[in-house]
Every structure is written in C-alpha cells, then in structure tokens.
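Below: the structure, in structure tokens.
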Protein chains: 2
Amino acid sequence: MVSNMKKISEGSTVGVKNVLKSAGIKPTYERLRILKYLEENNNHPTVNMIYDEVVKDIPTISKTTVYNSLNLFVEKDLVLPLVITGTEVRYDRNTKPHHHFLCEKCGKIYDIDIECPYFKKGYVDGYKIKELHGYFKGICKECLKIK
Amino acid sequence: MVSNMKKISEGSTVGVKNVLKSAGIKPTYERLRILKYLEENNNHPTVNMIYDEVVKDIPTISKTTVYNSLNLFVEKDLVLPLVITGTEVRYDRNTKPHHHFLCEKCGKIYDIDIECPYFKKGYVDGYKIKELHGYFKGICKECLKIK
DNA sequence: TTTCATATTTGAAACCATTACAAATTTATA
DNA sequence: TATAAATTTGTAATGGTTTCAAATATGAAA
Ligand SMILES: [Mn+2]
Ligand SMILES: [Mn+2]
Ligand SMILES: [Zn+2]
Ligand SMILES: [Zn+2]
C-alpha cells in the first residue's frame, strides 16, 4: 500500500457544503465547485489546473475568484498551500503535515506517509516547531518501470 | 553545539578564485564578489540581499549579473537554490542536502543538521530519491527567549 | 414584493521576481 | 594591434499573484 492516509470527505455536494459552513464560509456556487475539485483530486493542483476544470462547469467564473476562494480556504485551514516546484503554489485538501514526492519525469506530486520524529517532539535544536515542510525529488515508481 | 556542519571555504579572494576555476567558471570580478558574499554569509540570502551588499563594492554591477552568476553557480553545483518563503529564491553555498528552520518572528533561516533515513536509503515507497528538501517553520531559540 | 445594505464576483490594472534579449564593454587570442 | 568570444548591462517581456473598483448576487427589513 503506497499511502494509508484517510480521505477528508467524499466530495459530494452536501459534503462540501457542510465543510464550508462549519468553517464559517458562505457556500457559494463557485466555492463549492472549487472545494469539490480539491476533494475529488488529490493531485496537488495549481490555480490554473483548478481553473481549467472548474471553468468547464462554470464558464463565467474568473480566475480571481479561484484565487480568492483558495486564499480563503487557506486562511480557514481548509487547505494547505505547497511550494514545491518553485514557480507556482499548489493546494492540498489534506492539511495534516505530511511529506511529498515530486517526480522529475512525469511531474506528478505524490503523498508520502512517513513520520518525522522531530516534528512529533515539537522541537529541534531548541527551536519550537510549528510547521513541517518536506518533500523529495526523484523518479516515481511508474516512471522507473518505463526506464 | 547547534550545528556541526563544516565550512566549504574561507571566503578569501584566493579561495573563491580557486573554487570558480575548478568548477570551470571564469573568475570575473563580479562573480568572485558574489561567491565571496555567499561564503562569508550563511544567511540563505535572496538575490536582493546579495545585490544590496555587493553593489556597495561594485557600484556599476547590475542585478541581471547577480541573477546570471547565481544561475551559473547553481548549474555548476556550487550553490543550492532554496524555496522556503514562497516569494523569492534563496541561495545556499552549502550544497549538501540538509534541513532548514524558518523563524516566523525574526525571519532568519537556520541550518538544521539532522539526518533523513529515507534519503540515506535512496528510496521511499519504491520511489527513487535524488533530492531532499526539508524545512521547519516556528520560533527560533533567540526569539523564544524574548517571548 | 420592494428596498436597502452587505457580500461576492469579475475584469483590468498593478506588482514583483525572474528571464530574454540585444547593445556595450571587457577579455582572450592571434 | 586587430579580431573574435565572453561577459556585463539596461530595458523589455513574462507569468503568477494581488489590488481595486465596478457589477452582480444575496439577505434582511419594511
Ligand atoms: Mn499532499
Ligand atoms: Mn543551509
Ligand atoms: Zn513519474
Ligand atoms: Zn527568530
């Protein structure tokens, strides 16, 4: 088993609506659709990836609304922003601290379910840890097969 | 002891000149000064931080030259680019894989000398690891004192 | 329902780090 | 010295993100 992380929700309309309401966010049509995308896709997407899919359902949506919504989700701890490739921010519905793996060949970003003993302790070298950001770069299992 | 990492070089003019030459880089005045800055400061600086200091010695230097030089250093594995704050790239003379700590209060970035067992093995979840990027966010020792 | 205040969305402009590019300058070679 | 190659420089372009004000939608009061 590659990952044993549990899903946050199912991505159903009623599901995401409750998620937004309990976070104190008004569940607008646009926000619901964006959050649904994040729940249905664990691909750590960029703003453009999200926009390109969501605009198929809501042709009038603007990219600014995608930015606004994601910033709001981050503020309310519904979503975790990741900076892995350096060029653009990626968004993760899984806000629990976890590692990632960026494949140099296919560009996919995978979850890596390993533990960091220092993060568990809460301190390193006398410094108080609040967040953990860890990722590997290399070749993923599938691309290794292709050779 | 907070860190037991060894220094790469002393930052002396003859030192950095040899570093550049053995990397196959022509040791121009600008490149020497930029590399010297990196050797004398282990503060993981941004392009602007480097420029602001170097321009005091070389008033005619352009920011493009700082970019060009750093990109060349990265290409020749003399310097490691870090993306930690998300907004701008930082540069590290220490190219050995190591962890970092970003203090939320003072903004300083510290080296953290811990080992990653997965990186040592070379694999996680069947994925081949080539690079390791890990950092913590929190409050550093000094800022904890101030309280 | 109508009215009015508030929240949200939208599109364009601004911002900012980085890159592209071509002209000017320096350096190396003959 | 003359010529070619490499480097530096300044400006313009690029691209992701934010700012901002106008347009639209929502919700409560009348
Ligand atoms: Mn993830
Ligand atoms: Mn470092
Ligand atoms: Zn791959
Ligand atoms: Zn601090």
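Every chain is numbered from 1 and lettered A, B, ... according to where its sequence line falls, protein lines coming before strand lines.
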Check every atom of [options] against the side chain of [X] and return the nucleotide holding the closest atom.
| X | options | result |
| --- | --- | --- |
| A/Thr28 | C/dA17, D/dT9, C/dT8 | C/dT8 |
| B/Glu88 | D/dT9, C/dT10, C/dT18 | C/dT18 |
| B/Arg31 | D/dG16, C/dT8, D/dT7 | D/dT7 |
| B/Ile61 | C/dT18, D/dC20, D/dT9 | D/dT9 |
| A/Asn71 | C/dG11, D/dT18, D/dT7 | D/dT18 |
| B/Glu30 | D/dA6, D/dT9, C/dA17 | D/dT9 |
| A/Thr64 | C/dT8, C/dA28, D/dT19 | D/dT19 |

How long is the line joining [atom1] of [X] and [atom2] of [N], in whole Å?
| X | N | atom1 | atom2 | value |
| --- | --- | --- | --- | --- |
| B/Leu70 | C/dT19 | CG | C1' | 14 Å |
| A/Leu32 | D/dT26 | CG | P | 12 Å |
| B/Ile58 | D/dT9 | CD1 | C1' | 13 Å |
| B/Lys63 | D/dA12 | NZ | C1' | 16 Å |
| B/Ile25 | D/dT8 | CD1 | C1' | 16 Å |
| B/Leu72 | D/dT7 | CG | P | 8 Å |
| B/Tyr51 | C/dT18 | OH | C1' | 15 Å |

Counting only side-chain nitrogens and oxygens, does [X] get under 4.0 Å of the OP1 or OP2 atom of [N]?
| X | N | value |
| --- | --- | --- |
| B/Tyr67 | C/dT19 | no |
| B/Asn68 | D/dT7 | no |
| A/Thr65 | C/dT10 | yes |
| A/Thr60 | C/dT10 | yes |
| A/Thr87 | D/dG15 | no |

Quick one: is the NZ or CZ of A/Lys137 closer than 6.0 Å to the six-membered ring centre of A/Phe101, and within 45° of its axis?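 So A/Lys137 doesn't make the cation-pi contact.
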
Does the side chain of A/Asn42 come under 3.5 Å of the side chain of A/Asp111 through a donor N or O and an acceptor N or O?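 The criterion, which ignores hydrogens and geometry beyond distance, is satisfied for A/Asp111 and A/Asn42.
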
Atom [atom1] in [X], atom [atom2] in [Y]: separation rounded to 0.5 Å?
| X | Y | atom1 | atom2 | result |
| --- | --- | --- | --- | --- |
| B/Ile50 | B/Ile34 | CD1 | CD1 | 7.0 Å |
| A/Leu38 | A/Tyr91 | CG | OH | 10.0 Å |
| B/His98 | B/Leu82 | NE2 | CG | 6.5 Å |

